[in-house]
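What you are looking at is a predicted structure, and each value in this text was computed from that prediction instead of being measured. Every chain is numbered from 1 and lettered A, B, ... according to where its sequence line falls, protein lines coming before strand lines.
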There are 2 protein chains.
Amino acid sequence: MLEDPRITAMGLFVEAFTGVTARLNVQLAEHGLGNVDFEVLVRLSRSPGGELRMTDLAAQTGLSTSGVTRVVDRLERDGLATRRACPTDRRGSFTVVTAAGVAKMHEVLPDHLALIEEWFTGRLSPEALEALLCSLRTVRDAVRPGATSGAATTAAAA
Amino acid sequence: MLEDPRITAMGLFVEAFTGVTARLNVQLAEHGLGNVDFEVLVRLSRSPGGELRMTDLAAQTGLSTSGVTRVVDRLERDGLATRRACPTDRRGSFTVVTAAGVAKMHEVLPDHLALIEEWFTGRLSPEALEALLCSLRTVRDAVRPGATSGAATTAAAA
DNA sequence: AGCGTATATTTGCTCCAGCAAACATCTTCA
DNA sequence: TGAAGATGTTTGCTGGAGCAAATATACGCT
């Protein structure tokens with residue numbers, strides 16, 4: 001049972017994924033960012049107005065709401081984002097990426113993209129990559145029903 | 001730059017992987033296991049004699065050595081593994097899976113395999129799965145040079 | 001208007017993992 | 001033999017993330 005092909009498949013998934021992210025995290029750490037912080041900044045930067053509700057961030061990232069609170073605390077401490085009160089619902093907050101946050105993205109992204117290519121996308125033929133992404137999309141859609149944050153992602157990919 | 005296909009590809013990788021592992025972790029948690037604990041138990045169970053050096057566990061799992069110390073502490077506390085002094089090198093320890101540990105595996109694995117199939121392997125056609133695994137193997141080999149723990153894994157897959 | 005429930009965010013507490021230092025033992029080489 | 005350095009494991013400390021409770025606000029119904 002321990003040699004079941006499903007275990008093997010999952011093991012490969014784990015090793016490939018953790019291996020790639022470990023490489024990327026090294027670079028992010030050099031810029032003083034954790035992977036979570038980076039993901040949040042990317043999502044903010046992609047959003048119209050550069051802002052998102054805390055709740056939406058939680059849904060998109062898969063963090064708990066308290067997790068989001070603390071990520072945004074860090075970003076705010078480092079001047080990369082700010083909170084803005086929601087005008088129509090006084091319970092809510094927007095997180096807004098600052099100019100410094102945008103600048104940080106421009107500083108980090110080129111190398112980041114190069115690393116993704118070096119360790120992931122560039123290792124596969126265009127056809128293999130296309131097939132891989134298609135399969136990953138299938139799995140993602142199964143496993144993350146509400147993640148229509150991916151709507152933007154998916155649209156961009158199409 | 002934020003819409004770069006490489007970002008999109010990586011995003012898909014992240015979402016698919018974290019989505020699947022989140023599903024699996026729910027089940028493991030029901031049995032009182034963290035994903036790390038489970039991985040260690042699997043690797044021990046697969047090894048001849050059901051034992052591995054702490055250092056080898058660290059290399060195979062990607063944990064730090066102190067991380068391994070504490071995982072094994074937990075397993076030992078729960079009776080699922082034991083330490084055995086290395087007879088030829090008094091600095092070293094083996095971690096040995098106990099009968100209870102093996103029993104736990106037999107208790108957990110069937111459902112675990114079913115979940116892998118439900119959320120991952122079963123979502124793809126056999127050809128697509130084969131292609132996916134091939135690509136993942138390519139990436140894994142690039143990104144984890146020494147991970148010849150995968151030797152066992154790879155051999156089993158072949 | 002006013003009560004009860006639902007929703008958005010934060011805070012307190014706890015667990016888990018990494019790093020660096022401590023410690024024990026081994027190895028090498030003079 | 002006996003130091004100096006290498007290697008295997010554990011320990012102290014810190015930061016990050018989740019859960020559940022606290023807080024603030026909104027909404028619905030009478």
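For the pair B:T61/B:V36, no side-chain contact is recorded, criterion being any heavy-atom separation below 4.5 Å from C-beta on. Residues B:T65 and B:M54 fail the side-chain proximity criterion, which asks for heavy atoms closer than 4.5 Å. Side-chain contact between B:F17 and B:F120: absent, with no pair of heavy atoms (C-beta onward) separated by less than 4.5 Å. With contacts defined as side-chain heavy-atom distances shorter than 4.5 Å, the pair B:L136/B:V139 does not qualify.
Ring geometry for A:F38 against A:H112 counts as tilted: the plane angle lies between 30° and 60°, on a 0 to 90° scale.
Checking A:T18 against B:R144 by side-chain atom types alone, a donor-acceptor pair falls below 3.5 Å.
Residues from residues 81-95 of chain A that place a heavy atom under 4.0 Å from any atom of DNA chain C, listed by number: A:R83, A:R91, A:G92, A:S93.
Judged by the 6.0 Å distance and 45° axis criteria, B:R53 is positioned over the aromatic ring of B:F94.
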Could you walk me through whether B:E51 and B:T95 pass the side chain to side chain contact (heavy atoms under 4.5 Å, CB included) test, one step at a time? CA-CA 5 Å; B:E51 62 182 12; B:T95 305; over 6 Å; no

Run A:K104 and A:L33 through side chain to side chain contact (heavy atoms under 4.5 Å, CB included) and show every step you take. CA-CA 10 Å; A:K104 177 68 91 173; A:L33 291 175; 4.1 Å; yes

Could you go through B:L2 and A:L109, starting from their C-alpha distance and side-chain angles, then the distance that decides it, and tell me whether this counts as side chain to side chain contact (heavy atoms under 4.5 Å, CB included)? CA-CA 8 Å; B:L2 286 160; A:L109 267 171; 3.8 Å; yes

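Extent of DNA chain D lying under 4.0 Å from chain B heavy atoms, first and last nucleotide in 5' to 3' order, is D:dA6 to D:dC13.
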Base, backbone or nothing for each nucleotide of nucleotides 12-21 of chain C, written B, S, -, heavy atoms under 4.0 angstrom, 5' to 3'? BB--SSBBB-

